[in-house]
J.: 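One structure, as structure tokens, below. Some questions next.
Below, chains carry the letters A, B, ... as their sequence lines are ordered, and counting in each starts from 1.
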Amino acid sequence: MSAAAPEGSPAGDLVVDWYASAARDLPWRQPGVDAWAVLVSEVMLQQTPVARVEPLWRQWLERWPTPADLAAAPTGEVIRAWGKLGYPRRALRLQAAAGAIAADHGNVVPSDVETLESLPGIGTYTARAVACFGYGQRQPVVDTNVRRVVARLVHGRAEPLPARAADLADITALAPADHDRAVRFSVAVMELGALVCVARTPRCGSCPVRTVCAWRLAGSPAHDGPPRKVQRFAGTDRQVRGRLLDVLRAATDPVPQVELDAAWADPVQRTRCLDSLLADGLVVQTDDDRFALPG
DNA sequence: TAGTCGTGGAT
DNA sequence: TATCCAAGACT
């Protein structure tokens with residue numbers, strides 16, 4: 001038997017056919033969008049809704065059309081351009097990745113998954129997304145949407161299990177045999193999870209695989225595992241860091257300590273968060289003890 | 001591996 | 001109003 005002849009599945013073909021008519025018209029899916037633009041979109045989309053990413057993505061690529069352009073920018077400008085997308089360390093890592101691409105890869109985004117994964121801020125998901133969406137490779141791409149679709153369609157569960165070791169194998173087994181269709185399948189499953197097989201209220205009535213979905217066939221049983229823990233935000237260091245960075249983003253000049261003090265009442269937490277921002281490289285302290293985004 | 005890291009729209 | 005949750009990575 002040959003080494004890796006993909007077997008394909010009826011469900012995979014149904015999802016690809018559904019995608020042809022139901023896919024959103026997102027700018028990073030346009031023909032001619034290069035791997036750098038895809039990489040930027042994928043990093044911006046980490047934990048961040050599409051609607052908030054779209055305008056920032058356009059501005060970003062207009063300003064920094066290649067990795068070398070971003071690498072050469074003042075880091076403070078990069079952080080400012082990131083705006084309020086959230087998780088601003090992503091902006092730092094994206095610039096660091098751009099620097100590595102410019103310096104070590106001829107300013108061309110690497111096309112192999114292993115090299116991509118070696119770049120800062122690029123993990124299992126993003127590396128495969130770039131290889132697949134940016135370079136047309138047949139790659140299993142597993143994000144939160146895909147995990148949810150597989151949990152329901154294949155495993156008959158309302159929500160994914162915490163363990164994710166088998167995710168890549170699961171989705172690989174589901175992909176169509178044909179190469180080009182398998183490439184489209186990777187984005188199609190994500191789209192199905194984003195539009196139909198959504199977390200809170202799945203629209204099973206308009207799902208292309210409702211007749212073969214293990215969860216539907218089992219009567220759509222409720223989630224029986226441990227409740228997934230919700231991340232609090234109010235009062236956390238994340239909120240405080242956001243407040244502090246907000247002050248610095250809005251300022252054109254370095255700000256004195258007293259302006260940061262106004263952003264959060266608790267001095268212990270405020271100091272801890274400022275220190276962590278300094279440690280991350282999101283903030284720098286000037287010689288006259290004021291604070292600013294990095295030059 | 002579980003906790004941490006922003007933000008804001010939807011329900 | 002409070003909670004959920006969104007194309008994860010890193011430690």
J.: Using the P atom in both, what is the distance from dA7(C) to dC5(B), to the nearest Å?
T.: 22 Å
J.: Expressed in whole Å, how much space separates the P atoms belonging to dG9(B) and dA9(C)?
T.: 25 Å
J.: Could you work out which one of dT4(B), dA9(C), dA7(C) sits closest to the side chain of Gln231(A)?
T.: dT4(B)
J.: What's the CG-C1' distance between Leu56(A) and dT7(B), to the nearest Å?
T.: 12 Å
J.: Which residues within residues 232-244 of chain A lie with some heavy atom under 4.0 Å of an atom in DNA chain B?
T.: Phe233(A), Asp237(A), Arg238(A), Arg241(A), Gly242(A)
J.: If you only use heavy atoms from C-beta on, which nucleotide in dC10(C), dC4(C), dA7(C) is closest to the side chain of Val230(A)?
T.: dC4(C)
J.: Pick the C1' atom in dT11(C) and in dT1(B), then give their distance to the nearest Å.
T.: 10 Å
J.: So which one's nearest nucleotide on DNA chain C is more toward 5', Arg24(A) or Pro120(A)?
T.: Arg24(A)
J.: Under 4.0 Å from any atom of DNA chain C, heavy atoms only: list the residues of residues 196-204 of chain A that qualify, in numerical order.
T.: Ala199(A), Arg200(A)
J.: Could you report the tightest heavy-atom contact between Arg290(A) and Asp288(A), atom names first, then the distance?
T.: NE-OD2, 3.0 Å
J.: Heavy-atom count around Gln30(A) CD within 6.0 Å, excluding the residue itself: above 12?
T.: yes
J.: Contact class for Arg272(A) vs. all strands (heavy atom < 4.0 Å): base, sugar-phosphate, or nothing?
T.: nothing
J.: Rounded to the nearest 0.5 Å, how far does CZ of Arg238(A) lie from CZ of Arg232(A)?
T.: 11.5 Å
J.: May I ask you to evaluate whether Lys84(A) reaches the phosphate of dG6(B), defined as a side-chain N or O under 4.0 Å from OP1 or OP2?
T.: no
J.: Does Gln47(A) make a side-chain N or O approach to OP1 or OP2 of dG8(C) shorter than 4.0 Å?
T.: yes
J.: Under 4.0 Å between any heavy atoms, over every strand shown, what does Gly86(A) touch: base, sugar-phosphate, or nothing? Just pick one.
T.: base
J.: Please determine if a side-chain N or O atom of Arg148(A) lies less than 4.0 Å away from the OP1 or OP2 oxygen of dA6(C).
T.: yes
J.: Applying a 4.0 Å non-hydrogen cut-off, can you work out what Trp28(A) is touching in the nucleic acid: base, sugar-phosphate, or nothing?
T.: base
J.: I want to confirm an ordering. Mapping Glu117(A) and Pro49(A) to their closest nucleotides on DNA chain C, which one lands closer to the 5' end?
T.: Pro49(A)
J.: For Leu161(A) and dT1(B), what is the distance between atoms CG and P respectively, to the nearest whole Å?
T.: 13 Å
J.: Using a heavy-atom cut-off of under 4.0 Å over every strand shown, decide if Leu85(A) touches base, sugar-phosphate, or nothing.
T.: base
J.: Distance only, no hydrogens: is a donor on one side chain within 3.5 Å (strictly under) of an acceptor on the other, for Thr48(A) and Arg90(A)?
T.: yes
